[in-house]
Amino acid sequence: AGAAGPAVVFESAASGTSTNSRISICTVGSDGFAGSNDPHIVMVYEDAGNSNRLTTVVGTVADMKMSFGTPVPFGGVQTAAGAGLDIFPSSYTNMAVIIVYRDSSNSNYGTAIVGTVSGDTMTFQSPQVFESAAIMQPRITSLQNSGRFVFAYTDDGNFGKATAMVVSMNTTTKILTFGSPIVYGPASGHGARMDITYSNYPSPASVGIVIVYTDLGNSNYFTAIVGSVDFPNMSITFGSPTVFYATNTQHKAHVMYENNNSMKIVVAWKNSSNVGRARVATISGSPSAPAISFGTEAGFTSNNIDDDF
């Protein structure tokens, strides 16, 4: 393993309002950290030193060192602890990011904003509402670095139902276009504990997403569902939900694709004994009937871990 570089403070005030507050991070300006001049990272968080305003800061990576620009607030005051936010690069090679959040300055509506990185500063487009109702825990993933994305969130304006939508971005104007909201999973939704990732799919004409969530309609079991995305129609066909941890839990699972050429993903979570567990899963089926199957559960630590590791 490589050596760690020195720690760097990116916000001198306390960030976050509770243990449910979220800091999200992404890389821009390179394909990961490989093969490019000094890549940048963008962090987005709640700034407790500035009335809990949503804030971004740009960091520059050089060798094993990082430096940060001035934090830039955006959006309204984030008043609901754990309401959630997420960030993703618009592509790995340009300098724009998309942030999704619950806008407490506008009736808690689901909102997205595009930011552009220049040096160590960030400038923003006007925010765009993608759900004209209160939401919780929005998440975002990109689809094959294509300028298309999927948002997933809890729609409090529709009885807390688990909802997703396909989104595209005009790379010139940086304006977002939203597809229709698509309800998936149980009618009682997934509460505030979910995550989403992109995955390859066994068809050249289709691309997939995987969402993992706590199923409030099925004893709070950890559950995964695969969606096959139809680009032209801005729609998603979902398969059947699959339980991967059949124990009542109030924690949150995390999911990530294994690599760009794989149809595998990895899920990790804190179990009922407060220790870390993980499983590998394989995407299968067809675009009209996507499916997922899981390998054997394994532990990655025997120590107690935090909910939002």
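This chain uses plain numbering: 1 for the first residue, then up along the sequence.
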*Once you round to the nearest 0.5 Å, how far does OH of Y213 lie from CG of N218?*
8.5 Å
*Any side-chain heavy-atom pair from L85 and Y45 closer than 4.5 angstrom?*
no
_Closest heavy-atom pair and its distance - I87, S24_ = CG2-OG, 3.3 Å
*Answer whether the closest heavy-atom distance between the side chains of V267 and F222 falls below 4.5 Å.*
no
*Between F124 and G115, what is the shortest heavy-atom contact and its length?*
CD2-CA, 3.8 Å
*asked:* Is it the case that the side chain of R279 and the backbone of G295 share a donor-acceptor pair, with hydrogens and angles ignored and the cut-off at 3.5 Å?
replied: yes
*asked:* Given 3.5 Å as the limit, does a donor-acceptor pair link the side chain of E46 with the main chain of T55, or not?
replied: no
*So do the side chains of D195 and W269 get within less than 4.5 Å of each other, counting heavy atoms only?*
no
*Is there a side-chain contact between L143 and V229 (heavy atoms, below 4.5 Å)?*
yes
*What is the distance from atom CG of D155 to atom CD1 of I182, rounded to the nearest 0.5 Å?*
13.0 Å
*Measure the CE-OG1 distance between M122 and T70 for me, rounded to the nearest 0.5 Å.*
13.0 Å
*Can you name the nearest heavy-atom pair linking I196 to A152, along with the distance?*
CD1-CB, 4.0 Å
*Mind telling me whether Y101 and F74 have parallel, tilted or perpendicular rings, with 30° and 60° as the class edges?*
perpendicular
*Spell out, as yes or no, whether a donor-acceptor pair under 3.5 Å connects the side chain of S288 to the backbone of S286.*
no
_Straight-line distance of I135 CD1 to N158 CG, nearest 0.5 Å_ = 13.0 Å
_Residue pair D86 / I99, side-chain heavy-atom distance below 4.5 Å_ = no
_When you compare the side chain of V210 with that of I283, does any pair of heavy atoms fall below 4.5 Å?_
yes
*Could I get the full list of side-chain hydrogen bond (donor to acceptor under 3.5 Å, both in side chains) partners for E297, not counting sequence neighbours?*
R277
_Intermediate values then yes/no, side-chain contact (heavy atoms from CB on, under 4.5 Å), V72 and V57_ = CA-CA 6 Å; V72 178; V57 65; over 6 Å; no
_Remaining members of hydrophobic cluster (4.5 Å side-chain criterion), I175_ = none
*Can you tell me which residue pairs pass the salt bridge (Lys or Arg N to Asp or Glu O under 4.0 Å) test with a partner in residues 104-131, sequence neighbours excluded?*
none
*If you look at every heavy atom in V114 and A96, which pair is closest and at what distance?*
CG1-CB, 4.3 Å
_For residues F244 and V275: do they belong to one hydrophobic cluster (side chain heavy atoms under 4.5 Å, members Ile, Leu, Val, Met, Phe, Trp, Tyr)?_
no
*Between the main-chain N or O of N52 and the side-chain N or O of D47, is there a donor-acceptor pair closer than 3.5 Å?*
no
*Begin from the C-alpha positions of V117 and V42 and carry the test side-chain contact (heavy atoms from CB on, under 4.5 Å) through to its verdict.*
CA-CA 8 Å; V117 175; V42 180; 3.7 Å; yes
_Assess the residue pair V150 and I236 against the criterion (side-chain contact (heavy atoms from CB on, under 4.5 Å)); give the C-alpha distance rounded to whole Å, side-chain angles, the decisive distance to 0.1 Å, and a yes or no._
CA-CA 9 Å; V150 172; I236 308 173; 4.0 Å; yes
_Ionic contact status for D156 with K161, cut-off 4.0 Å_ = no
*Is there a side-chain contact between I98 and L176 (heavy atoms, below 4.5 Å)?*
yes
*Please say whether the positively charged group of R148, taken as NZ for Lys or CZ for Arg, lies over the ring of F231, i.e. under 6.0 angstrom from the six-membered ring centre and within 45 degrees of the axis.*
yes
_Non-neighbouring partners of S272 that pass side-chain hydrogen bond (donor to acceptor under 3.5 Å, both in side chains), sequence neighbours left out_ = Y245
*Rounded to the nearest 0.5 Å, how far apart are OG of S228 and CD1 of I209?*
9.5 Å
*Close side-chain approach of I265 to T197, heavy-atom, < 4.5 Å*: yes
*Under the side-chain hydrogen bond (donor to acceptor under 3.5 Å, both in side chains) rule, collect the residues that match up with S105, sequence neighbours excluded.*
D103
_Counting the benzene-type ring for Trp, do F130 and Y109 have ring centres under 6.0 Å apart?_
no
*Quick one: does T223's side chain have a donor or acceptor within less than 3.5 Å of a partner on Y221's backbone?*
yes
_Positive for side-chain contact (heavy atoms from CB on, under 4.5 Å) with Y153, one of M136, M165, R139_ = M165
_Show the nearest heavy-atom pair for residues V61 and M66, with the distance to one decimal._
CG2-CG, 4.2 Å
*Minimum heavy-atom distance between S132 and V129, given as atom pair plus value*: OG-CG1, 3.7 Å
*For this output row, return yes or no: ring centroids of F149 and F88 closer than 6.0 angstrom.*
no
_I'd like to check the side-chain contact (heavy atoms from CB on, under 4.5 Å) partners of T171; sequence neighbours left out, ordered by chain and number._
M169
*Rounded to the nearest 0.5 Å, how far does CE of M95 lie from OG of S118?*
7.5 Å
*asked:* Pair T172, K174 - check side-chain contact (heavy atoms from CB on, under 4.5 Å), show working.
replied: CA-CA 6 Å; T172 300; K174 297 179 182 175; over 6 Å; no
